[in-house]
Every structure is written in C-alpha cells, then in structure tokens.
Amino acid sequence: MRYSNCLMSCVFAGLTAFLCLLFPAVSSGATWISYAPPVKDNSTALAVLTDTNYTWVGYAGFGLVCYYSDGSVKYTLTKKNGLPSENVSSIIKRENEIWVGTADGLVCRGEEGGIRVFTVDNGLPDNGITCLLLSGSTVYAGTMKGLVKFEGDSSTFYDESHGLPSSHILSMATCEEGIVIGTTKGWAVMKGAAFEAHTPAIDQLPFEWISAVSWYKSGTSAMASGTSTSDEWFILGTAGHGLMIYRGGNYKVIDKEAEGPGSDWISSLEYEPETREMWIGTKDGICCWDMANGIWKRYTTQNSGLISNNVACLSVVAVDTSVTDYEILGSPCAKCVGCATCSKGLVETASGEKVKIKVCPDCWKIPSPRKSRILYRTQTWVAVATEIGAQMLMEKKLSHVGQGSYYGYLVNMDFEIKGVGVGSDKVWAGLIERMGIFKFKAQGFLYHFFPFNLKFLHVSSEPGPNDFVPSALKTLSMTPDGKPIAGGYNAGTGGAVVYNPDSETWTHYDRSQGLLDPEVRCIYRKGGSMVVGTGGGNCTGAVFSFNEGRFEEVSRKGLSVTDKQTMFKRPVTGVCTDGEKIFVGTDGDGAYVFDGDSWRRYNTLNNIGMTCDEITAVARYGSVLYLGNRKGIDCIGDDGTIFHVPCPNVTSLLWDDSEGNSDMLVLWIGRKDGLMRICKTSGLMNQPKALAPPHYGPTGSSFFWPMPCRDDGESGIIWEYFWCSSGESIDLCPFDGPPGEVTSLAYDDFNLWIGTTNGVGRMRK
C-alpha cells in the first residue's frame, strides 16, 4: 500500500491533542465574519443593519461604516461629513435612504450621499435617538421624550398624553395592526393614532422595563392573515427579568434558568418570517428560537465564533442564494472491469495474473446537456453588534452528497499549478510550464474553469513583458473583490498583477505602488483584507498589506533586521491573518507573529516544540497557529502550547468551512505524495471503501479511495488520498487524484480544487 504503518501510528499518537485545539465544543455551527473597526480604539458597535449587499455598523465614538459583503468598506459617515454625533444608536433603510439615529440627532443619507439632519430645532422632542423603525414608507423615531412619526414631509409627535405608558421609548417592531412599542414603564400597540397600553396596573405586566419587542403569528404561514387572535404572540425582552410572551391576554416569563435565551438581559429581538426564527440578542450571547418547532439554539464565546457575549443589537435577513453544483462525469457500468486509467494495457491482479482491462467506450463521456446545476438555498445572515466589534453570522444550510470523486484538468501537459482561486462566478488557475519557458510565452499563465465544457480555458489577455512575464509566476490568489491576483519575479520583472474579467485588463503593482520587494511568493485574502509575502533572493523577506490601491510594508516593531530592503532573514513562504494579527512562515527562519503592535518569533532554538524552521504552509483557526513543514505540522496555541503532528512533506493547509457549520469544519493537508483530510464528524465523504476498489497504477502500488484511518466518534476522522507522483503515461480517472505534488488548495461550496505539479484536480466533497 502507498501509506506507511509507522507514519499512521505517529499520526494517531498526536491526533488526540491536535483535535482538542482543532475542534472546540460547539452547540450549533455557523460561519462567522468579523468586520474590521474603522479605528483601532473605536471597536464598540452599538447598532447594525444588513441586507443582501451591504452591512451598516454604528460605532461608539466614530460614527457609521458601510461595509461590502466581503468586509471591505464602501463609505463612512462621521461628524466631519455631517453626522451630529459620533455615537450611533440605530440604523434603518428606506429604499435608497439610510436613516441613522445618534445621541445628538437623526440623519437621513440619500443615495448620492446628501444628508438631512433632524434635531429639536426641526421636529424632534429630544436629540437622543433611542431606536428607529420602518413600517411601509413611514419612519418612526423613538427618543427619551416621546415618539416621532415621519410620513412624507410631515412629522407627528406622541407622548404619554396620547396613551403611551412612558415617553421614554426603548424599542419598536411592526405587527399586524400597527407597531409594538417598548418603554421604561410598559409596552403598547399603536393602532393608527391610538395606543393600547400594557402596564403592571392595567394587565399585571410582570416587569415594566421593555428593552426589546417583536411579534409573531403562528399557523401555516408565520405571518398569515385570517388566523385567530389566540395565535398572536407579542415577544417582550426586558432589562433584567428575562423574556416575556404575551398571548391570549396572559404573560409567560422565561428567565435565565429556564429553557430559552439563557439570559435575563435581552437587548434585541429580530424575527425572520421566512425561516420562522426569532433571533435574540442578550448580555450572555445570542439565541435562535425556532418558533415553528420550539427549538432553542444558543451561540456564545464558549461554543461558537462569537467575539463577545455582550450583544447590543442584531439585524437578520433570509437570503435566497444560488450555488453552482458542476455536473457529474460519467461512471462505469456493471460490465466494466477496472477503470479508464488501466484500460490501455495489461495490469497485474492480486493473484499475479496479468489481464487486459475492459472498459465500455461510452462510460466516461461527458453527459449531455453540458451545463452546471444551480441549487437554490435560503441562508440566514445575522449581523451582530457587540462591545468589542461587529460580526456577521452566516448559516448556509447546504447539503453535501459526500461523493468524493476526483476529476482532472490540464493533466499530462507539463503544467505546474502555482495557485488556484475561487471567485464569485469563476475558478482560476495560474500555471507555468515545467519543461521550458519559450512555448509558455505564447500560452500565458492564467486559466479559468468553463463549466459548459468542464475544462479550463486560457485567458488570452496577458499583462505584457514589461509588466509581468508569464515565467515570473510564483503564486496566484484572489483579491477581496473576487479578481485573480498573481505574484512572482523573474529576470528583473515581477510584482503583483490583478486581472479584471469584465474589462479584460490588467493592473500591475510594483515598487511605485509601495511593493518595495517585487518578488511576491504568497498571497492571502480574508474578508476585505489582503497581505502578500515576498522574498528577494535567499536572504530577504517582507510582508505588505494592501489598502486603498497601494501596498504598505507592515510595521517592523520587534524585528531585529535593520536592512531597509527586508524584514526577515529568509523569504516568506506562507502568510495568513486573523483580525489585526499576521502570521508569517519563512524558508529557514522559522515563523513570526504580528499581534497588531509588534512581532515575535517562533523557531527551533527558542521554542522546544518546533520541529523545523523551513515552513511550507501557514494556517490559523481559533487560537491555534498551524505551521506545515517537511516533518509534519507544528501546532502553536496562543497560550504557548506547542505539539507536533507527524505527517511528512506538507505543502499546503486549508480550512474548509463551506458547510457553514463549525461541527463540519475540515482541514485539508496537501502533501508531496497526496492529500489528507481531517474532520470531526463523518458527515462528508463517508463512503464505504468497497465502493472504490483498489486501483493499480503503472507503478504496481495500490492505493484506496477513500481510506478511513480512524473514527472513534470523538477525536476525529482522517482520510488519506494517494496517487502516483510521477505523472508519466497516466490517463486520469475519477478514482485517482491528479498525479503530482499538491501545490495549492481552494474550495467552493461543493468542490475542493487541487493544484499540483501536473495539472488541476477537482474533488467532489
């Protein structure tokens, strides 16, 4: 077999400790995206609003920031451009207008950026806006001295004299008959211009400080009309007395000790009718209440990626999104013996007999019609404002078929893949020709996957010899806005080049754009940020961040190198980020960590657990740094814990969270002789080994697909995939990986894309 028993024993020995850091306890999985605060010292988020394109975050002490879906900033609104206060308390959207409530007034920002300001001088009873609500086209603004309704160009004021329990408005929500209002002395339903008040004196309200309100109507449709009033639920959050449900004239209190949100301090209630889920923000985390089935799910810092349990505000939207599922290639019929790879000659069976393999000629043809299958899924996006920043929680709710088949592209053409990247609608591959550069100059280096023909096609437009020659390519990745970016250096030309598929044009970045070392070796993108690692020659290396169209060298604080042309003593071979932190691996100088202020170094001399200073891959998950090298993976926790997982010749590491569920998180490990997959559960690719019989390649060595190595129900499951590394005279089939060393990895919702020294592979997850 192509695996070593000694190797697997070593892997098992280190696996338990590895997975303890790898998989924290999770009650319910989700993908978390953090938004970078506009200023380091202004990370307290007070308000959020999200839709399918943008997320708006209101900060304490700064103002408003509008983020794109990838986390990059579209615009900011501060006191410098008209915001009356730097403390934003509430945000709503009316068509193309953004309404922003602050501590010193209300602002309406138009589509073109023009603003209108409302204060006590033009219609507000008080400048302190506590909450905002949009009902139809009408805007309601709550203050500490009453409620204001903006309808067209007119405004109407309401306070206790109109029937409100209190003029101090804390929260608002829409309901079937009007709007629900929470105050410091009870709650009310506003029906037209009349108020139906609920207080301790009127109907024995258990607690009068109503910090959050929402409304739900049960039945076949959560918002259906025509159901009886007994199906109408008013959900009331309190500041210190738990959650209350008012239904049919009676109150039910759900306190911290009962099944429910797990907190007595409720800060936000957001109901999503499409999924029939009530999302609850508290001072003890987030809770999702499936109201149709009565199921509660909680998210805290202890069981999820939530950065703080003190949640100030939530904004929820159900997004109908489409994901591409590439069509499945042909498969062998019952009459086939062996597979396509073996069909060209004689192979030796287990008994030593040499036989001719027979394959039906139509089995491996691409089926018709040739088109991608588009699947539609409802995803839940939850924007979260906390005391230490804002986040987005995303539940994709995708179903994977667990097929595990391999498909190969650009194989046996002497193409070495230097990087693969997944954009919004295309998969990209950057390559060089291993056997020379002259033929390659005419073909270029950038290819994109064409689903109609299930193949990679060459991008004819090239940067040009004065900017970036194809033979310069060393790496390829994606920019935050989904464009392929290539880096490299050769014969005096290099830097980074970005391709715009819409205009078929290139943008070149070198020293004139801040990239002082143009020998780009690795690129990392996360959310709206992008960093590159460089290495000019054998004794230099540096890291640059990309901001507003320019590269900037990262701070040198804490580094001993004084040469202006370099930051590290060796080239950078891997880089990744986690918030403000930057993690760097070098070719012989160990690893470096930048904590947002200064650098610290990990190497074999200073850290007992480090096994190798020649880092080949860098990855980060949770509070653990993973460093791949020729001896395996060194795992370093933020608390200083270090241990080693022996899986030799690591070339790449990739965390795969496409499932949108932390329980289904997968670590892919690319190696010189194949691929490893480590996960917590068997929910993906859990195919019986019998479905993939031993395959005999030209070398005569057998290798299995897949090969489960361990499953104890708790510590984790490992699969290993091996293939012939020579790549000579091998006709790829769906039961093999592409022959060659793994050079790079990328994933989309259903596929793992594998760059190798002999082509691109796609593996169905």
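Computed from a predicted structure; not experimentally measured.
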If you apply the rule salt bridge (Lys or Arg N to Asp or Glu O under 4.0 Å), what do you find for Asp589 with Arg601, and how did you get there? CA-CA 9 Å; Asp589 196 31; Arg601 183 186 179 199; 2.7 Å; yes
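- Asn500 and Trp506 share no donor-acceptor pair across their side chains, judged by distance under 3.5 Å alone.
- With hydrogens and angles disregarded, a donor-acceptor distance shorter than 3.5 Å links the side chain of His644 to the backbone of Ile633.
- Looking only at distances, no side-chain donor or acceptor of Arg762 sits under 3.5 Å from a matching main-chain atom of Gly408.
- Within the 3.5 Å criterion, the main-chain N or O of Ala36 finds a donor-acceptor partner in the side chain of Tyr67.
- Using cut-offs of 30° and 60° for the angle between ring planes, the Phe468 and Phe445 rings count as tilted.
- Of all non-hydrogen atoms in Tyr35 and Gln391, the two that sit nearest each other are CE1-C, 3.7 Å.
- For Tyr409 and Tyr447, the gap between ring centers reaches or exceeds 6.0 Å.
- Partners of Arg600 by side-chain contact (heavy atoms from CB on, under 4.5 Å), not counting sequence neighbours, listed by chain and number: Val593, Tyr602.
- A salt bridge is defined here as a Lys NZ or Arg NE, NH1 or NH2 lying under 4.0 Å from an Asp or Glu carboxylate O, and Asp597 with Lys581 fails to meet this definition.
- The stretch residues 482-506 participates, sequence neighbours left out, in these salt bridge (charged side-chain N to carboxylate O under 4.0 Å, His left out) pairs: Asp481-Lys483.
- In this model, a donor atom of one side chain and an acceptor atom of the other lie less than 3.5 Å apart for Ser471 and Asn490.
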Test log, rule side chain to side chain contact (heavy atoms under 4.5 Å, CB included), inputs Trp32 and Ser304: CA-CA 9 Å; Trp32 296 85; Ser304 73; 3.6 Å; yes
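- When the salt bridge (Lys or Arg N to Asp or Glu O under 4.0 Å) test is applied to Glu553, the partners found at least two apart in sequence or on another chain are Arg556.
- Residues passing the side-chain contact (heavy atoms from CB on, under 4.5 Å) test with Ser308 are Asn310, Thr386, Glu387, Ile388, sequence neighbours excluded.
- Shown here for Arg620 and Asp638, the closest heavy-atom pair between the two residues is NH2-OD2, 2.9 Å.
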Please lay out, stage by stage, how Phe583 and Phe594 fare under the test ring-ring contact (aromatic ring centres under 6.0 Å, His included). CA-CA 6 Å; Phe583 305 90; Phe594 182 69; over 10 Å; no
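- At a cut-off of 3.5 Å, with distance as the only test, no side-chain donor of Thr616 or Asn629 sits close to an acceptor on the other residue.
- Listed by chain and number, the residues in a ring pair (Phe, Tyr, Trp, His ring centres under 6.0 Å) with Tyr509 are Phe546, Phe551 (sequence neighbours excluded).
- With sequence neighbours excluded, no residue forms a ring pair (Phe, Tyr, Trp, His ring centres under 6.0 Å) with Tyr59.
- Side chains of Asn758 and Thr756: no donor on one and acceptor on the other come within 3.5 Å.
- When ring centroids are compared, Trp668 and Tyr747 stay outside the 6.0 Å threshold.
- For Thr507, there are no side chain to side chain donor-acceptor pair (under 3.5 Å) partners, not counting sequence neighbours.
- Closest approach of Cys522 to Val572, counting heavy atoms only: SG-CG1, 3.7 Å.
- By the ring pair (Phe, Tyr, Trp, His ring centres under 6.0 Å) test, Tyr54 is found to be paired with Trp56, Tyr68, residues two or more places apart in sequence or in another chain being considered.
- The distance from atom NZ of Lys418 to atom OG1 of Thr743, rounded to the nearest 0.5 Å, is 7.5 Å.
- Ion pair Arg511/Asp517 not flagged as a salt bridge, since none of the NZ, NE, NH1 or NH2 atoms sits closer than 4.0 Å to an Asp/Glu carboxylate oxygen.
- Taking 4.0 Å as the cut-off between side-chain N and carboxylate O, Arg550 and Glu552 do not count as a salt-bridged pair.
- Evaluation of the side-chain contact (heavy atoms from CB on, under 4.5 Å) rule for Met478 yields Trp428, Pro484, Arg525 as partners, not counting sequence neighbours.
- Here Leu745 contributes atom CG and Ile417 contributes atom CD1; the two are 12.5 Å apart, rounded to the nearest 0.5 Å.
- Under the salt bridge (Lys or Arg N to Asp or Glu O under 4.0 Å) criterion, Arg630 pairs with Glu614, not counting sequence neighbours.
- Between Thr611 and Asp634, the side chains place a donor N or O and an acceptor N or O closer than 3.5 Å (distance only, hydrogens not considered).
- Taking the side chain to side chain donor-acceptor pair (under 3.5 Å) definition, one finds that Thr50 meets it with Thr55, sequence neighbours left out.
- Checked against side chain to side chain donor-acceptor pair (under 3.5 Å), Thr301 has the following partners two or more places apart in sequence or in another chain: Asn309.
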